[in-house]
Amino acid sequence: MTLFRILPSLRRKIAVAYFGIAFLTLGLSLFAFAELRVLEEKILLGERIAKLFDTAMEIRRFERNYFLHGQSTDFDDNAQYCKQMGELVDGLQADFRDLGMTDVQTNLRGQLATYRSLISRYAAAEASGRRLVEPQVRAAGQRIVASAEDMVGAERQTVRASLVWLRTLLIIVVASVVVVAIAIGQALARRVVQPLQRLERGVSALAGGQRRALAVPGPDREIVAIVSAFNHLLRDLESRQKHLLRSEKLASMGTMVSGVAHELNNPISNIWSSCQLLLEDSALTSEQRQLLQQIDEQCIRARNIVRSLLDFTRERPFGHEPVPLKDLIEQSLRFLKADLPPTLDVRVDIADDLVVPADRQRLQQVMLNLIKNAIEATSATGRIDITGVRHNEAAALDDNPASLGCPDAPWVELSIRDDGHGIPPDILVRIFDPFFTTKDVGKGMGIGLFVVYQIIEEHDGCISASSSPGGGTTFVLRLPARPADMEAP
Ligand code: ADP
């Protein structure tokens, strides 16, 4: 069944098989019906020919009566039946033709005429003459009956042949329906049931804990759709599992970090206070003063670290206001002015009226972290592109796991691209982890991107990073936008 190989969907395959059997049965039934009609015609012809034969017998009966009793009524009845037979022979012209017996028809006409003239001669003759004519009349009558018998025989022959043909036809119909049904059944089993069984095995393996993507077991649209839905679900499940794990890890880490930070805060404050007291002593040598100043600097640094850790773990109320993105980026760039080399080419391409509902302070933190990282990754003569676009139509989700959980339309996409040193693939998968940094001690704490991730998630958005070593890095974030009619002016 090559046709089944071409059809790209299970529904079509089953429909084609169903209609194939239905049309075959209908066609064969119509054919058998037509043959039955032919048989019916033949049976009707048999009735007409039987009437012809009965008339011939009646002719002979009245002929015998007439010879026995010599009554004129028998002669008249014989004449009446001869006339009736003549009409029947003329009326059955088409039947004689169908049976291929037009010569018998012609003969019968002649035989009837001869018979009529002989019996009339018999009636007109004297007793001696009648004896001579009687055998001739009988012989002519027998010929008429013999011709009628020939016709009956020929008609029975055709009816028998039709019955044999109908029996053969019935066997052919049943056999071909059975053969075609078996062939279609086998093709359906191969093309429909087998892929479904493979799919069932794959799904059972999933239920058994296997976490590999399902292979597509056949080219049919429904199967491809089910498999891709399953695989999408699987990826979604994996990403949610990771996310859950991460959230749990972070929650316990947050508790621990805040506890450690609190505990460190007091000794650092005590050391710093003592250091301040000692620094007030005028009897210090310059070397001692220098050492104390170093202690003072390191205390301030440690206090800042503790503060930022406490800041990171502290719960703050979430604000929700329309934030114009261009304005936010420009303000962030002003904050980072001290870190921005004057030769660095920073380009912002965001419409003035592009607004997202957000916590301004938190979103500002996101921009500061991302732009700061971009500045640090690029050379002084490098380039940073910041673009923002609003999407009103739902876009097909890309296969990137990072796109899972991204907001539906309308949404705003913000991308921050630099042409810096880029991120190797083995590091790229870890950059959003807390306390992951590739920077030197004292330069980075590794919580910048982690905070970015948390804030974007709090905004029901999503973030993804793409990079290649030496080819720069792009961070793309998607945030839910307000419907156009609710945009702030
Ligand atoms: P930190 O900046 O303190 O190291 P982050 O969480 O902000 O912490 O960043 C984590 C790591 O991600 C960085 O140490 C760096 O290796 C990498 N990274 C982040 N942004 C970029 C970028 N734009 N280009 C190259 N590497 C980056």
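Counting convention: from 1, in listed order, for ligands and their atoms alike. One-based numbering along the sequence shown.
Atom 20 (N) of ligand 1 has as its closest protein heavy atom Asn373 CB, 3.3 Å. Taking atom 2 (O) of ligand 1 as the reference point, the nearest protein heavy-atom neighbour is Lys439 NZ, 2.5 Å. In this structure, the protein non-hydrogen atom closest to atom 17 (C) of ligand 1 is Ile431 CG2, 3.9 Å. For atom 8 (O) of ligand 1, the closest non-hydrogen atom of the protein is Gly446 CA, 3.2 Å. In terms of protein heavy atoms, atom 23 (N) of ligand 1 is closest to Asp418 OD2, 2.9 Å. Scanning the protein heavy atoms around atom 10 (C) of ligand 1, the nearest turns out to be Phe436 O, 3.3 Å.
Between Phe31 and Trp165, the ring-plane angle classifies as perpendicular under the 30° and 60° cut-offs.
Of the N and O atoms on the side chains of Thr381 and Thr343, not one donor lies less than 3.5 Å from an acceptor on the other residue. Side chains of Ser332 and Gln364: a donor-acceptor N/O pair is present below 3.5 angstrom, by distance only. Side chain to side chain, Arg360 and Gln331 meet the donor-acceptor criterion of an N or O pair below 3.5 Å.
None of Leu44, Leu163, Thr158 except one satisfies the side chain to side chain contact (heavy atoms under 4.5 Å, CB included) rule with Leu39; the exception is Leu163.
Taking the six-membered ring where the residue is Trp, the centroids of Phe432 and Phe450 are separated by 6.0 Å or more. For His232 and Phe230, the ring centers are positioned 6.0 Å apart or more.
Of the possible polar contacts, one joining the Asp359 side chain to the Gly319 backbone as a donor-acceptor pair under 3.5 Å is found. Formation of a donor-acceptor pair under 3.5 Å by the Asp419 side chain with backbone atoms of Gly382 is not found in this model.
Under a 4.0 Å criterion applied to the non-hydrogen atoms of Leu449, ligand 1 contributes the atoms 5 (P), 6 (O), 7 (O), 9 (O), 12 (O), 19 (C). Close contacts between ligand 1 and Gly444 involve ligand atoms 3 (O) [criterion: under 4.0 Å to a heavy atom]. Per-residue contacts place Ala377 under 4.0 angstrom from the following atoms of ligand 1 (heavy atoms of the residue considered): 22 (C), 24 (N), 25 (C).
The closest approach between a heavy atom of Glu376 and any atom of ligand 1 is not below 4.0 Å.
Contacts between Thr437 and ligand 1, counted as non-hydrogen atom pairs separated by less than 4.0 Å, involve both the backbone and the side chain. Heavy atoms of Thr438 found under 4.0 angstrom from ligand 1 belong to the backbone as well as the side chain. Of all the heavy atoms of His421, the ones lying under 4.0 Å from any atom of ligand 1 belong exclusively to the side chain. Contacts with ligand 1 closer than 4.0 Å are made by no heavy atom of Val452, backbone or side chain.
Between Arg301 and Glu297 there is no salt bridge, since no side-chain nitrogen of the basic residue lies less than 4.0 Å from a carboxylate oxygen of the acidic one.
Proximity annotation for atom 27 (C) of ligand 1: of Val451, Leu370, Ile423, Ile423 comes nearest, heavy atoms only.
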